Amino acid sequence: MASVKLYNQTGDSKAQSIQNSIEKKFGRIPEVFQAMGRNGDFLEAVLKLAEVSGRGLDPKTKELIIIAVSAVNGCTYCLDAHRSAALQLGLTDEDITAAIEVASAISLFNTYNKAIDLDSDLKTPVKE
């Protein structure tokens, strides 16, 4: 159960219009878009940011990045949604698991390195 009010066609008129489009795409309004549905300007901005982020990446790569970040951040909702999207794009369970493995390994290194405060000695040299 959500810990915030869900706005299923009950937000402002702009949010309702956007939710109508979302419903046509998914056949329903997923809870994430209900939770964001109070304020149409916010919902529009979030959707636009998601659309334009990663421009130039192919859709499969973008989905694998989303899955990897969602795994590290522990967002089951995003993992479920984007695993489904990745499979629809033709990615395999093996591809998805590989992306999660990479994210997990790098997360381990990140945590370890932050904990022991290492000097960053592997920087790319600056070209002058």
Side-chain angles (χ1 to χ4, degrees):
M1 181 171 185
S3 62
V4 298
K5 180 178 178 180
L6 298 180
Y7 295 84
N8 187 352
Q9 298 292 353
T10 59
D12 64 27
S13 61
K14 187 174 192 175
Q16 290 178 32
S17 175
I18 294 168
Q19 286 180 333
N20 283 333
S21 297
I22 291 169
E23 188 170 25
K24 286 177 185 167
K25 179 178 180 179
F26 291 100
R28 60 189 177 79
I29 303 169
E31 284 191 5
V32 65
F33 302 121
Q34 291 179 45
M36 294 179 184
R38 181 188 71 84
N39 175 346
D41 290 333
F42 177 77
L43 182 55
E44 178 181 57
V46 168
L47 291 171
K48 184 65 174 173
L49 181 60
E51 176 190 329
V52 302
S53 63
R55 187 164 282 159
L57 291 174
D58 66 271
K60 289 180 180 181
T61 300
K62 187 172 176 177
E63 284 302 327
L64 289 174
I65 291 169
I66 293 168
I67 288 167
V69 171
S70 298
V72 169
N73 286 335
C75 184
T76 303
Y77 189 97
C78 292
L79 272 172
D80 289 344
H82 290 281
R83 180 179 178 278
S84 176
L87 293 171
Q88 289 176 1
L89 287 172
L91 288 160
T92 66
D93 283 320
E94 289 75 18
D95 297 326
I96 293 166
T97 300
I100 293 171
E101 289 171 355
V102 171
S104 298
I106 294 304
S107 181
L108 178 146
F109 275 104
N110 292 171
T111 300
Y112 185 83
N113 292 341
K114 286 189 295 184
I116 62 175
D117 197 26
L118 293 176
D119 290 331
S120 184
D121 60 351
L122 293 173
K123 294 179 184 178
T124 303
V126 176
K127 294 181 181 180
E128 297 197 30

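Just so it is clear, the model here is predicted, and its values are computed rather than measured.
- K5 is linked by a salt bridge (charged side-chain N to carboxylate O under 4.0 Å, His left out) to nothing, counting only residues two or more places apart in sequence or in another chain.
- The line from CE of M36 to CD of E44 is 13.5 Å long, rounded to the nearest 0.5 Å.
- S17 and N20 form no side-chain donor-acceptor contact under 3.5 Å, judged by distance and modelled atom types alone.
- Note that CD of E23 and CD of Q16 are 11.5 Å apart. Values are rounded to the nearest 0.5 Å.
- Taking CG from N113 and CG from D119, the interatomic distance works out to 11.0 Å, rounded to the nearest 0.5 Å.
- Heavy atoms only, all atoms of each residue included: Q19 and Q34 are closest at NE2-CA, 3.6 Å.
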Without placing hydrogens or testing angles, list every side-chain donor-acceptor pair under 3.5 Å for residues 69-87, not counting sequence neighbours.
| from | atom 1 | to | atom 2 | distance (Å) |
| --- | --- | --- | --- | --- |
| S70 | OG | I66 | O | 2.8 |
| N73 | ND2 | V69 | O | 3.4 |
| Y77 | OH | E31 | N | 3.3 |
| Y77 | OH | V32 | N | 3.1 |
| H82 | ND1 | E63 | OE1 | 2.7 |
| R83 | NE | D93 | OD1 | 3.4 |
| R83 | NH2 | D93 | OD1 | 2.5 |
| R83 | NH2 | D93 | OD2 | 3.4 |

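- The two residues N39 and D12 make their nearest non-hydrogen contact at CA-OD2, 3.5 Å.
- L43 CG to K14 NZ: the interatomic distance, rounded to the nearest 0.5 Å, is 9.5 Å.
- Of all heavy-atom pairs between A35 and V4, the closest is CB-CG2, 4.0 Å.
- Rounding to the nearest 0.5 angstrom, the gap separating the CD1 atom in I29 from the CD1 atom in I22 is 7.0 Å.
- Scored by the salt bridge (charged side-chain N to carboxylate O under 4.0 Å, His left out) test, E94 finds no partners at all (sequence neighbours excluded).
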Decide yes or no on side-chain contact (heavy atoms from CB on, under 4.5 Å) for I18 and F33, but give the supporting numbers first. CA-CA 9 Å; I18 294 168; F33 302 121; over 6 Å; no
For N110 and S107, what are the C-alpha separation, side-chain angles and deciding distance, and is it a side-chain hydrogen bond (donor to acceptor under 3.5 Å, both in side chains)? CA-CA 5 Å; N110 292 171; S107 181; 5.6 Å; no
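- One distance of note links OG of S120 with CG of L122; it measures 7.0 Å at 0.5 Å rounding.
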